[in-house]
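Note that the numbering runs from 1 along the sequence shown for the chain.
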Amino acid sequence: MAGSATASDQSLRGSVEVGRDRNGVEMILLRNPKGATVEVSCHGGQVLSWKTVRGEELLFMGSKAVYKPPPHALRGGIPICFPQFGARETLEKRGFAMGRLWTIDRDPPPLPERGMTHVDLLLNSCAADLKIWPHNFKFHLRVALADDGSLILVSRVRNVCSKPFTFTFAYHTYLAVSDIGEVRVEGLETCDYLDNLKGGMRSTEQGISLSFDSEVDRVYVEAESVIEVLDHEKRRTLKINREGVPDVVVWNPWDKKSKAIADFGKNDYKRMVSVSGAAIEKPITLKPGEEWMGRLKLTLSLSTKIEELSSESGCLTSM
């Protein structure tokens with residue numbers, strides 16, 4: 001993070017550093033007492049990095065990603081997709097919030113993640129937004145890093161105009177994995193999903209877990225509040241806990257479509273899976289003065305399920 005300088009010691013529990021990237025955009029580095037870190041950009045309010053105490057990166061970023069000024073958005077980390085996610089309206093598929101400059105919120109609303117190392121960001125509707133989406137809003141975003149290394153994002157959208165508006169939303173989460181063929185997603189069994197590869201056809205997940213051997217692009221509707229992503233090679237489980245974002249989008253472009261993504265290198269699709277908390281199937285409507293809140297919590301743990309499978313097969317090795 002170029003030109004960073006300590007701006008505040010937010011609490012005795014961690015530190016917050018504010019600097020600027022090569023384009024002069026503010027960047028925030030959160031560090032918890034044990035040394036885990038999260039890097040957030042005011043460009044899009046996007047989380048760019050989430051590292052363990054040992055420096056292991058848990059989020060994927062395209063190997064060809066280039067940090068350009070707004071409105072260009074990076075393929076990786078956790079982009080904030082608002083007020084649209086998907087090709088249902090006339091806006092860009094992932095909305096405009098990820099291409100806007102956010103500001104550090106000096107007077108944030110009270111939120112439950114008090115005491116954690118955190119930063120608050122704010123996005124207000126601007127003239128450019130109103131031309132394409134004529135609704136005034138305030139978007140408060142808190143990014144917090146817990147003592148156990150968990151990453152928490154809390155979004156609050158308030159309608160500050162005189163008429164109702166409707167939006168869809170996603171925490172478009174790109175997870176780093178060892179090899180997509182070694183990954184499975186659990187918690188989606190018997191859940192209905194919309195298959196975007198089949199024109200949004202509705203189906204029901206029949207498997208106990210979802211594995212990958214080709215392109216996947218699905219919206220799991222009103223899924224369980226906790227989803228797990230198991231990485232067999234890394235022997236770890238990432239738990240995704242959601243509130244206010246009932247749907248789960250699972251995506252991997254596979255080799256053919258990844259070639260058309262500018263930020264992706266040749267084999268980047270093998271190193272990532274996107275499992276995103278979202279509100280898509282039932283758009284959110286806010287009356288004047290109303291507020292919506294959506295929360296995402298990502299927690300890393302040793303995969304006990306993988307340990308048990310490895311032990312049974314006689315191939316368990318020491319960590």
Side-chain angles (χ1 to χ4, degrees), residues 28 30 32 36-41 44-52 57-61 73-74 76-86 94-95 97-98 102 105 108-109 111-114 116-123 139-157 167-177 185-188 191 219-229 237-251 272-282 284 291-301:
I28 303 96
L30 308 178
N32 76 1
T37 61
V38 168
E39 189 173 335
V40 189
S41 174
Q46 186 170 350
V47 175
L48 300 178
S49 172
W50 173 35
K51 292 182 179 180
T52 67
E57 180 60 67
L58 301 175
L59 297 179
F60 165 86
M61 181 64 67
L74 295 170
I78 309 180
I80 300 295
C81 299
F82 170 86
Q84 179 171 307
F85 188 74
R94 297 187 293 164
M98 65 172 57
W102 297 52
D105 192 351
L111 287 168
E113 283 66 30
R114 298 181 65 181
M116 296 184 187
T117 308
H118 68 270
V119 65
D120 290 286
L121 301 180
L122 174 65
L123 179 68
F139 192 136
H140 294 272
L141 173 66
R142 173 165 291 186
V143 181
L145 180 60
D147 285 358
D148 67 355
S150 294
L151 170 61
I152 300 107
L153 288 85
V154 181
S155 295
R156 296 176 74 163
V157 176
F167 64 93
T168 54
F169 174 88
Y171 290 112
H172 194 7
T173 308
Y174 290 76
L175 301 175
V177 299
V185 181
E186 295 193 346
L188 300 172
C191 186
V219 180
Y220 286 86
V221 178
E222 295 186 347
E224 293 291 331
S225 61
V226 178
I227 303 297
E228 293 185 338
V229 180
T237 297
L238 188 71
K239 183 178 293 186
I240 303 172
N241 193 302
R242 313 171 333 279
E243 298 175 21
V245 278
D247 306 326
V248 173
V249 182
V250 181
W251 174 71
M272 62 76 63
V273 65
S274 181
V275 183
S276 307
I280 300 172
E281 209 254 347
K282 294 180 180 179
I284 298 158
E291 183 178 84
W292 164 85
M293 184 171 73
R295 184 176 186 269
L296 179 75
K297 181 179 181 181
L298 306 177
T299 303
L300 181 70
S301 64

Less than 4.5 Å apart, side chain to side chain, heavy atoms only: is that true for [X] and [Y]?
{"X": "Leu48", "Y": "Leu74", "answer": "yes"}
{"X": "Ile28", "Y": "Val38", "answer": "no"}
{"X": "Glu281", "Y": "Tyr220", "answer": "no"}
{"X": "Val143", "Y": "Ile78", "answer": "no"}
{"X": "Val249", "Y": "Ile280", "answer": "yes"}
{"X": "Phe139", "Y": "Ile80", "answer": "yes"}
{"X": "Phe167", "Y": "Gln84", "answer": "no"}
{"X": "Tyr171", "Y": "Pro79", "answer": "no"}

Nearest atoms (heavy-atom pairs only) where [X] meets [Y]:
{"X": "Leu145", "Y": "Ala36", "value": "CD2-O, 3.3 Å"}
{"X": "Ala97", "Y": "Trp102", "value": "O-NE1, 3.1 Å"}
{"X": "Met272", "Y": "Val177", "value": "N-CG2, 3.5 Å"}
{"X": "Arg142", "Y": "Asp120", "value": "NE-OD1, 2.8 Å"}
{"X": "Ala223", "Y": "Leu188", "value": "CB-CD2, 4.1 Å"}

Any donor-acceptor N/O pair, [X] side chain to [Y] backbone, under 3.5 Å:
{"X": "Arg94", "Y": "Met98", "answer": "no"}
{"X": "Asp105", "Y": "His140", "answer": "no"}
{"X": "Asp247", "Y": "Val221", "answer": "no"}
{"X": "Trp292", "Y": "Gly244", "answer": "yes"}

Separation between [atom1] of [X] and [atom2] of [Y], rounded to the nearest 0.5 Å:
{"X": "Lys239", "Y": "Glu186", "atom1": "NZ", "atom2": "CD", "value": "11.5 Å"}
{"X": "Leu175", "Y": "Leu300", "atom1": "CG", "atom2": "CG", "value": "10.5 Å"}
{"X": "Lys297", "Y": "Glu243", "atom1": "NZ", "atom2": "CD", "value": "9.5 Å"}
{"X": "Ser155", "Y": "Phe169", "atom1": "OG", "atom2": "CZ", "value": "3.5 Å"}
{"X": "Arg295", "Y": "Arg156", "atom1": "CZ", "atom2": "CZ", "value": "12.5 Å"}
{"X": "Gln46", "Y": "Leu59", "atom1": "CD", "atom2": "CG", "value": "10.0 Å"}

Does either side chain, that of [X] or that of [Y], offer a donor lying less than 3.5 Å from an acceptor on the other one?
{"X": "Ser274", "Y": "His172", "answer": "yes"}
{"X": "Ser49", "Y": "Glu57", "answer": "yes"}
{"X": "Tyr174", "Y": "Ser276", "answer": "no"}

Practice task
Start with the C-alpha gap between Arg242 and Val248, add the side-chain angles, then the distance that decides, and say whether side-chain contact (heavy atoms from CB on, under 4.5 Å) holds.
Solution key: CA-CA 9 Å; Arg242 313 171 333 279; Val248 173; 3.4 Å; yes
Exercise for the section: Not counting sequence neighbours, which residues clear ring-ring contact (aromatic ring centres under 6.0 Å, His included) with Trp50? List them please. Expected result: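 Checked Trp50 against ring-ring contact (aromatic ring centres under 6.0 Å, His included); zero matches.
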Problem - Criterion side-chain contact (heavy atoms from CB on, under 4.5 Å) against Leu296, the qualifying member of Ile240, Val47, Ile152 - result: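 Exactly one pass, corresponding to Ile240.
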Fill in the blank from the handout: The salt bridge (charged side-chain N to carboxylate O under 4.0 Å, His left out) partners of Glu222 (sequence neighbours excluded) come to Lys282
Exercise for the section: Identify, with sequence neighbours excluded, every residue that meets side-chain hydrogen bond (donor to acceptor under 3.5 Å, both in side chains) alongside Ser150. Expected result: Asp148, Thr299
